[in-house]
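This report concerns only the one structure given below.
Naming: A, B, ... by sequence-line order, numbering from 1 per chain.
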8 protein chains.
Amino acid sequence: MNRERIKKLLEQVRAGRVEVDEAVEKMASLPYEDIDFARVDHHRDLRLGFPEVILGQGKSPEQIVKIAERILTNSSNLLVSRTTEQVFALIRDVARDAEFHPDARMISVVRDRTERGDGSIAIISAGTSDIPVAEEAAVTAEAMGNRVSRIYDVGVAGIHRLLGARQEFESARVIVVVAGMEGALPSVVGGMVSVPVIAVPTSIGYGASFDGLAALLGMLNSCASNVTVVNIDNGFGAGFVASLINRRREVVSGP
Amino acid sequence: MNRERIKKLLEQVRAGRVEVDEAVEKMASLPYEDIDFARVDHHRDLRLGFPEVILGQGKSPEQIVKIAERILTNSSNLLVSRTTEQVFALIRDVARDAEFHPDARMISVVRDRTERGDGSIAIISAGTSDIPVAEEAAVTAEAMGNRVSRIYDVGVAGIHRLLGARQEFESARVIVVVAGMEGALPSVVGGMVSVPVIAVPTSIGYGASFDGLAALLGMLNSCASNVTVVNIDNGFGAGFVASLINRRREVVSGP
Amino acid sequence: MNRERIKKLLEQVRAGRVEVDEAVEKMASLPYEDIDFARVDHHRDLRLGFPEVILGQGKSPEQIVKIAERILTNSSNLLVSRTTEQVFALIRDVARDAEFHPDARMISVVRDRTERGDGSIAIISAGTSDIPVAEEAAVTAEAMGNRVSRIYDVGVAGIHRLLGARQEFESARVIVVVAGMEGALPSVVGGMVSVPVIAVPTSIGYGASFDGLAALLGMLNSCASNVTVVNIDNGFGAGFVASLINRRREVVSGP
Amino acid sequence: MNRERIKKLLEQVRAGRVEVDEAVEKMASLPYEDIDFARVDHHRDLRLGFPEVILGQGKSPEQIVKIAERILTNSSNLLVSRTTEQVFALIRDVARDAEFHPDARMISVVRDRTERGDGSIAIISAGTSDIPVAEEAAVTAEAMGNRVSRIYDVGVAGIHRLLGARQEFESARVIVVVAGMEGALPSVVGGMVSVPVIAVPTSIGYGASFDGLAALLGMLNSCASNVTVVNIDNGFGAGFVASLINRRREVVSGP
Amino acid sequence: MNRERIKKLLEQVRAGRVEVDEAVEKMASLPYEDIDFARVDHHRDLRLGFPEVILGQGKSPEQIVKIAERILTNSSNLLVSRTTEQVFALIRDVARDAEFHPDARMISVVRDRTERGDGSIAIISAGTSDIPVAEEAAVTAEAMGNRVSRIYDVGVAGIHRLLGARQEFESARVIVVVAGMEGALPSVVGGMVSVPVIAVPTSIGYGASFDGLAALLGMLNSCASNVTVVNIDNGFGAGFVASLINRRREVVSGP
Amino acid sequence: MNRERIKKLLEQVRAGRVEVDEAVEKMASLPYEDIDFARVDHHRDLRLGFPEVILGQGKSPEQIVKIAERILTNSSNLLVSRTTEQVFALIRDVARDAEFHPDARMISVVRDRTERGDGSIAIISAGTSDIPVAEEAAVTAEAMGNRVSRIYDVGVAGIHRLLGARQEFESARVIVVVAGMEGALPSVVGGMVSVPVIAVPTSIGYGASFDGLAALLGMLNSCASNVTVVNIDNGFGAGFVASLINRRREVVSGP
Amino acid sequence: MNRERIKKLLEQVRAGRVEVDEAVEKMASLPYEDIDFARVDHHRDLRLGFPEVILGQGKSPEQIVKIAERILTNSSNLLVSRTTEQVFALIRDVARDAEFHPDARMISVVRDRTERGDGSIAIISAGTSDIPVAEEAAVTAEAMGNRVSRIYDVGVAGIHRLLGARQEFESARVIVVVAGMEGALPSVVGGMVSVPVIAVPTSIGYGASFDGLAALLGMLNSCASNVTVVNIDNGFGAGFVASLINRRREVVSGP
Amino acid sequence: MNRERIKKLLEQVRAGRVEVDEAVEKMASLPYEDIDFARVDHHRDLRLGFPEVILGQGKSPEQIVKIAERILTNSSNLLVSRTTEQVFALIRDVARDAEFHPDARMISVVRDRTERGDGSIAIISAGTSDIPVAEEAAVTAEAMGNRVSRIYDVGVAGIHRLLGARQEFESARVIVVVAGMEGALPSVVGGMVSVPVIAVPTSIGYGASFDGLAALLGMLNSCASNVTVVNIDNGFGAGFVASLINRRREVVSGP
């Protein structure tokens with residue numbers, strides 16, 4: 001793209017249709033070329049089914065709706081995270097096919113439902129209270145074109161429940177594990193599979209859980225080598241990276 | 001005991017053999033009576049087989065030997081923790097039956113080998129590097145008259161190893177679980193048994209383990225309700241409390 | 001139990017009443033057997049008088065009532081922790097014999113009142129503000145079939161009050177000590193008795209208490225060897241472990 | 001596999017060649033079956049080219065050599081991490097084709113050099129002092145059958161160097177970014193690519209870097225959604241997960 | 001000034017118009033002279049265009065208005081930080097030309113609009129949510145007589161946006177960079193310019209951002225040598241120091 | 001006192017008016033004697049003018065009033081800290097001479113106004129927002145019979161203000177210094193005087209003040225040797241210890 | 001003093017012996033007058049028996065000896081803290097009456113042995129390992145002219161030992177309490193006496209003691225109102241403040 | 001430069017001496033052009049007198065010498081920080097005019113001694129032990145062409161010393177303040193001047209100084225608005241930024 005534009009300019013210079021000094025000026029604006037390239041990249045993203053995501057937290061309902069409207073002119077899919085039913089009511093005015101996911105506190109518009117994953121993504125959560133974060137990961141992964149299986153409430157203090165659910169997750173291409181308190185679940189799951197495990201600490205707990213710090217440190221020190229970690233309560237990030245890992249090759253290298 | 005002494009004094013007062021003022025003086029020394037009581041308690045401890053323990057760390061070899069010598073005049077059993085082979089050489093001069101436990105970094109003299117436990121104590125460790133702390137717990141519990149079963153290197157990232165060893169620990173009266181890194185093992189073990197689990201975080205790990213802090217926080221936030229925690233690397237404390245829990249009733253309430 | 005089911009299956013195979021392939025299928029469901037085992041375990045728990053416990057925090061009143069209802073079909077006893085009077089009103093509709101413990105913020109249903117403890121459990125608290133956490137421990141221990149003696153407001157800065165109450169706790173089989181601020185009480189109590197002491201730090205205090213961190217660290221560093229620690233404000237956990245320690249031997253090894 | 005063994009046993013029972021009680025005994029050993037399964041898993045790992053890894057830290061040279069010897073009887077490839085040239089001298093006695101990687105502080109034996117990756121793995125490091133950790137990731141990824149491109153010394157304070165190296169990493173299937181100090185590089189790289197980025201904080205720095213804590217927190221809070229994090233200085237873990245992400249599909253689902 | 005007063009006093013002493021003892025008394029009040037000097041300094045400040053600043057946080061609206069009134073009798077310019085529209089309504093009663101800056105949560109009265117800067121000050125912010133802190137810096141710098149250019153929403157995960165905006169900030173005399181989350185922007189900007197960069201961490205983020213701690217540590221560990229740091233969310237301080245750095249020489253050394 | 005009671009009892013035993021066994025029972029209640037002793041101590045406190053103090057925080061208005069009533073039957077003076085005007089209204093019903101100190105958030109009843117101090121106590125505060133904590137110290141010290149001089153708003157960034165106020169504090173017998181933010185004032189004051197300085201960190205500040213932690217650490221690391229520290233916001237404790245230090249000798253050793 | 005110098009100058013001005021401009025110059029040097037005043041203060045200190053103290057840590061032996069020599073020309077007493085026997089050998093060359101205190105790691109020269117205290121100072125330590133810090137406090141207090149009583153090894157886990165030693169400390173004018181691990185001793189002591197208690201946390205302990213942090217936090221949160229705290233291991237500071245508190249009135253207000 | 005190269009290329013294209021495709025290739029290498037630009041920038045730096053700086057820490061003596069040699073072919077001035085006398089011996093072989101600064105642990109080569117500062121830079125340090133960090137700042141500032149005045153050992157606990165030295169620093173264009181322990185000095189200095197103050201916390205101290213954390217937090221919370229902060233012990237950074245602030249205008253905007 002960029003190269004095309006440069007080539008065209010050089011040909012115009014050679015043909016004498018553009019003066020050297022004028023061309024120098026245009027070359028000097030190359031940072032904008034970079035922006036141009038970014039736009040292309042951005043287009044490519046859209047075409048590949050990456051939804052645009054608006055972090056709802058810290059934005060006014062009006063701001064969210066305005067941004068959503070602009071995105072939907074170019075993009076098939078849209079996600080709003082950390083949002084409310086009130087914002088959903090407003091979004092529905094500009095996108096009648098929007099859906100609200102109360103557990104995940106997310107709004108999605110999914111117009112392009114092409115499956116883009118190689119395999120499936122398993123989302124495992126330790127306790128009932130971890131479900132909102134797990135759902136944030138699950139809704140994100142689904143909106144990005146993945147098959148998702150949810151395995152909830154299988155904390156390590158009842159290991160037989162996890163063992164009983166083994167079949168449901170051992171065929172996944174990548175696993176997201178969401179846990180608060182001591183954050184031990186990713187290590188146990190990590191030891192049972194040979195695919196990447198993305199650990200999400202949650203702020204669930206009290207006292208010495210220090211708002212998720214205990215779970216975070218536990219996951220960073222996991223004795224399973226296939227575990228990586230995202231920020232506390234960052235279900236969206238986990239679902240996003242899981243989608244990138246699962247992305248079908250031909251799709252990634254697509255036009 | 002104390003009551004006996006008071007009664008005798010009162011009778012002497014009544015009989016006129018002791019003057020009121022003299023008796024008042026003796027009463028005023030009641031804090032010493034408290035110390036006296038402590039001595040009785042101390043004797044009872046010895047008789048029950050609680051070894052005296054010397055924390056070797058921060059004491060000179062000469063100090064340790066001198067204290068050991070004094071203890072062994074009254075006491076059958078003795079433990080020295082966090083010590084060295086060099087100290088052992090000196091101790092053997094005053095107690096030829098002393099034993100050195102290199103893994104546990106402990107010296108023991110066990111002359112009274114009465115079994116005092118109701119059941120057995122299982123000591124479980126996550127990794128090979130946690131063994132020194134686990135051995136400190138095991139040697140302590142053995143010196144206090146307990147049957148001990150050791151189950152080492154059964155970390156949570158290879159859960160089948162732990163499941164395979166289940167039989168070895170599920171009949172124990174109390175379990176000590178030693179783990180560094182993420183400290184997840186006590187939660188998993190705790191969920192598999194219905195007896196108390198004493199968790200010992202170790203300083204094993206690197207980076208965000210922060211010298212055992214990650215393991216400590218993990219254990220304090222355990223989702224298993226039967227887990228309590230001792231200080232980082234405190235194998236002795238875990239072995240000591242496990243022995244108290246396992247202590248045979250008739251022994252505890254003994255004369 | 002599990003063995004019985006396996007044996008029956010094998011006998012059916014031998015008798016030709018079950019096909020090999022069908023039996024293989026059933027064997028494959030062995031994780032469910034594990035769940036089955038868990039159920040048996042669960043039944044055993046109920047029979048032994050362990051109440052089922054619902055952590056109220058983070059659940060809606062409706063969820064709590066629904067879970068409570070299901071538990072009470074199989075179980076004599078039930079505890080709801082960190083709950084409110086509002087939930088209690090709803091619970092009473094499904095269990096007219098439910099009781100509310102406002103200090104402990106707990107609801108209990110205790111239909112099986114068999115005493116299951118060897119001795120008694122003493123619950124000691126440092127200050128008036130620590131009482132809610134102490135009561136959580138006390139109500140838990142009582143619901144689990146233990147005799148409990150409460151010794152409140154005996155903080156270390158008035159050591160004579162603690163000495164005066166000595167008789168009340170020195171005959172206990174296990175002691176729970178609840179304290180905020182500097183968390184010094186477990187060390188002092190621990191030095192006065194020869195039974196296990198379970199220390200519960202509370203979030204009571206201000207400034208450099210850092211929501212219970214100071215008390216927690218103090219307890220972990222206790223110079224008394226018979227002290228173990230649970231999470232900040234975890235009265236339930238302390239009461240639970242104290243009950244396991246106190247559990248009568250014949251009961252533990254019961255059918 | 002396991003199913004085969006169970007089927008064979010059942011057929012023997014049916015045929016009356018094995019008694020029911022004997023079969024029950026064998027069933028009871030099912031945890032060992034689990035271990036057996038683990039071995040199969042282990043074999044599969046070997047066949048797929050996952051090297052066995054020995055964490056050298058905390059093991060004696062003799063222990064390392066003994067373990068290495070045993071592994072090499074079953075396994076083509078072997079890695080020893082956090083080790084020394086002294087250990088290498090000993091290892092070479094049992095594996096003449098062993099190689100020492102001084103920067104990575106690793107020993108590798110790579111007899112199976114099948115390429116197993118879909119694409120390539122880029123390893124980017126911020127500063128010269130981060131290279132040992134970056135090399136640990138690179139050597140791991142190479143030993144696991146991946147093409148690796150190294151892009152070192154491209155810290156964010158000289159952004160043009162990173163931009164100049166863009167071509168070298170934007171075609172990778174997954175990127176490992178190693179950085180100490182403020183740990184900003186993963187965010188910048190993450191924003192330039194659409195593949196997963198694994199961030200490795202290093203303990204490089206001084207003062208308020210607090211041995212890598214600053215870098216770790218920076219990476220966990222990355223504003224780029226495609227970044228996940230491993231423990232401080234955990235180059236091996238990053239290389240391992242990158243290899244899992246890059247693993248060729250047909251290989252993963254192999255026989 | 002002070003010297004003038006001392007000189008005058010000495011001349012009066014010499015002339016015999018003031019007694020030695022009386023003069024000694026006046027000398028003894030020299031601390032007040034110091035205060036006097038401070039007043040002079042204060043006057044000089046006003047003359048140079050330093051506005052007086054009232055930190056609104058923790059003061060009642062009445063207190064703020066009373067202080068504002070007193071300042072405006074001597075001073076041309078005034079700033080109130082961390083304030084509300086409600087306070088603004090009251091301030092307008094005493095200063096009809098007061099302005100409210102809702103984003104910055106500041107009130108300004110700027111009657112002396114002399115330009116006092118050598119060059120311009122660039123204020124760069126990473127995300128939309130960082131704008132309130134950036135505006136606090138910008139409004140402060142403007143009220144102190146500087147030309148300010150605002151470059152917002154150029155976070156490091158979209159490096160091309162920052163590169164595209166390069167021209168807008170590379171001619172500044174000093175740059176303020178405001179960022180939350182990982183706080184990486186100051187390092188990148190610092191590497192692109194050769195003027196001082198003042199980094200302001202914000203409390204924007206969640207989880208392991210620990211209310212701005214992650215950003216603060218990131219900035220303190222910046223690998224760019226021209227970065228200094230102020231307190232979390234301290235936009236005012238950054239704007240103040242930037243103004244001092246940019247201050248025109250002749251103005252600084254003014255009468 | 002205690003001795004008197006013991007003596008009387010012994011004389012009764014000797015006279016045969018009390019049986020030995022009955023006397024033994026009474027002796028056994030010696031812990032209560034300890035409490036009795038405590039009461040005497042308590043009486044001595046009252047006589048010396050130590051007010052009883054009720055920490056209002058965490059108590060219901062009714063509880064506070066009930067305790068206050070009981071104290072005032074034996075005690076001349078009373079303090080309630082961390083309380084509200086609402087509680088004051090209730091207290092006034094039982095003590096018409098009670099006073100409310102809104103800045104200090106304290107209620108005082110001072111019926112015995114004997115001066116008990118050797119010298120005076122200076123209370124110095126850094127900023128306007130530190131005044132509530134400073135007033136808590138001041139009201140406490142006054143209620144305990146001390147002359148108090150208040151020197152407020154003399155923070156270190158305007159050192160001439162502190163120098164100007166030097167005369168007001170350099171004659172004090174002990175100085176309380178209250179400061180938030182960087183907590184530097186105690187060091188500066190400590191270097192100017194040769195009496196003890198009690199430093200009180202306050203939770204005033206934002207960002208990296210971490211609710212008073214920065215001030216606390218600053219004060220603990222003071223380079224002035226005469227500085228000791230109390231908990232964050234603990235004005236009462238500082239006023240209490242200052243009173244003990246200032247206490248007139250003859251009073252301390254009083255009857 | 002200062003006033004005298006100013007008066008003399010003014011008289012010289014009046015007499016015409018000093019020119020006004022020359023006098024202005026001298027006045028301008030008034031900060032030096034301040035230093036002059038400091039010297040007077042310094043002299044007063046010496047006369048009152050405050051020894052000069054050299055912090056040995058971080059100074060070369062030569063530097064220490066040079067400073068010591070200069071001090072001893074003006075001062076009767078001298079202390080060197082955190083020093084070694086090697087430095088002592090050098091000091092003895094310039095002060096043959098110097099003494100070395102190996103436990104306290106201090107050198108003292110005490111030529112003026114006037115008793116300056118009102119009462120005595122009690123130094124209490126919890127464990128044997130806390131003795132070096134306790135001795136630093138004791139040697140400091142003795143060198144400053146106080147009677148000191150040492151009560152060592154009376155930790156809270158053996159409360160009867162402390163009660164038994166009560167008489168030794170309850171008559172002190174001020175008490176220094178030195179403790180590591182959980183730092184509980186100051187609270188217990190504080191509750192037993194009505195004089196100020198200065199708490200010194202030590203870095204003794206391991207694991208979650210975090211080099212004295214646990215003890216420090218425990219002491220800051222003491223439930224006894226008469227406790228103030230100094231830095232970890234700061235025995236010198238505690239001994240210094242205790243001396244100021246104990247200082248005899250007539251001495252303090254001396255000429 | 002870059003523009004020149006582009007222009008030349010374009011002219012060659014126009015003249016037909018370079019083919020369009022070949023030129024496109026060269027354009028594609030524009031990132032290298034960027035590096036080229038960096039070199040130009042670098043040249044400009046040299047011309048302006050910015051020395052190249054080598055961080056000695058973590059580099060071998062050989063690496064340092066090699067880098068130094070390369071720098072000195074293009075650059076007049078050179079600094080090596082955190083280095084040793086041993087490295088100096090080697091450097092002198094390639095630069096006979098190199099100087100070693102033992103206090104600052106720096107090597108400098110200063111061939112271009114043009115004064116580049118508007119005013120002077122004052123370096124103030126609190127204690128003797130802070131001098132190495134202060135000297136690092138001073139040597140850096142001098143090597144960058146500034147007049148530097150050193151004011152050492154003027155800690156806040158002896159405020160008169162600082163007041164006495166006022167004249168030496170109040171005329172500076174920018175002030176660097178270096179302090180450990182409580183880090184209070186920058187606030188006091190900041191309040192005395194109207195120029196920027198750069199605060200450098202040092203790791204000097206013990207106990208609760210936590211290796212400079214206390215000083216760092218103190219400085220970040222400074223109540224003086226003109227204070228910014230650099231990393232703990234980062235004397236070089238402070239000297240560098242101070243030089244940028246002091247840089248003469250005409251020099252900055254130079255050709």
Side-chain angles (χ1 to χ4, degrees), chain A residues 31 34 37-38 41-42 44-45 48 50 53 55 79 81 118-119 140 163 170-171 173-174 176 190-201 212-213 216-217 219-232 234 236-249 252-253, chain D residues 34 37-38 41-42 44-45 48 50 53 55 79 81 118-119 140 163 166 170-171 173-174 176 190-201 212-213 216-217 219-232 234 236-249 252-253:
Chain A
D34 244 287
F37 182 75
D41 207 50
H42 171 70
R44 205 177 49 133
D45 279 4
L48 296 182
F50 285 43
V53 183
L55 177 67
L79 276 177
S81 71
D118 234 16
T140 301
L163 296 173
E170 69 189 1
S171 60
R173 172 68 180 97
V174 52
V176 172
M192 292 166 73
V193 299
S194 56
V195 295
V197 169
I198 301 168
V200 193
L213 178 62
L216 172 63
L217 292 182
M219 290 167 177
L220 286 166
N221 286 285
S222 175
C223 48
S225 303
N226 51 349
V227 174
T228 63
V229 186
V230 296
N231 196 358
I232 297 164
N234 188 8
F236 163 69
F240 190 88
V241 174
S243 300
L244 296 185
I245 293 174
N246 188 40
R247 180 131 306 215
R248 202 173 294 162
R249 186 74 179 156
V252 176
S253 53
Chain D
D34 244 286
F37 182 75
D41 208 51
H42 170 69
R44 206 179 49 132
D45 279 5
L48 296 181
F50 284 44
V53 183
L55 176 67
L79 276 177
S81 71
D118 234 16
T140 301
L163 296 173
R166 179 180 255 192
E170 71 189 359
S171 61
R173 172 67 181 98
V174 51
V176 172
M192 291 166 74
V193 299
S194 57
V195 294
V197 169
I198 301 168
V200 193
L213 178 62
L216 172 64
L217 293 182
M219 291 169 177
L220 285 167
N221 286 286
S222 174
C223 49
S225 302
N226 51 348
V227 174
T228 62
V229 185
V230 295
N231 197 358
I232 298 164
N234 188 8
F236 164 69
F240 189 89
V241 175
S243 299
L244 296 186
I245 294 174
N246 188 41
R247 182 131 304 217
R248 204 173 291 161
R249 186 74 179 154
V252 175
S253 54

Query - chain D contact via A/V227 - side chain, backbone, both or neither, heavy atoms under 4.5 Å - result: backbone
Query raised in the report: Checking heavy atoms, do the side chain of A/I198, its backbone, both or neither come under 4.5 Å from chain D?
Result: side chain
Requested in this report: Against chain A, label D/L216 side chain, backbone, both or neither, depending on which of its atoms sit under 4.5 Å from a heavy atom there.
Outcome: side chain
Query raised in the report: So which heavy atom on A/S225 is nearest to which on D/F236, and how close?
Result: OG-CE2, 3.4 Å
Query raised in the report: Got D/V195 and D/V174 here, is their nearest side-chain heavy-atom distance under 4.5 Å?
Result: no
Report summary line: The side-chain hydrogen bond (donor to acceptor under 3.5 Å, both in side chains) partners of D/S243 (sequence neighbours excluded) come to D/N146
**Report entry** Partners passing side-chain hydrogen bond (donor to acceptor under 3.5 Å, both in side chains) against A/N231 (at least two apart in sequence or in another chain)
**Finding:** D/N221
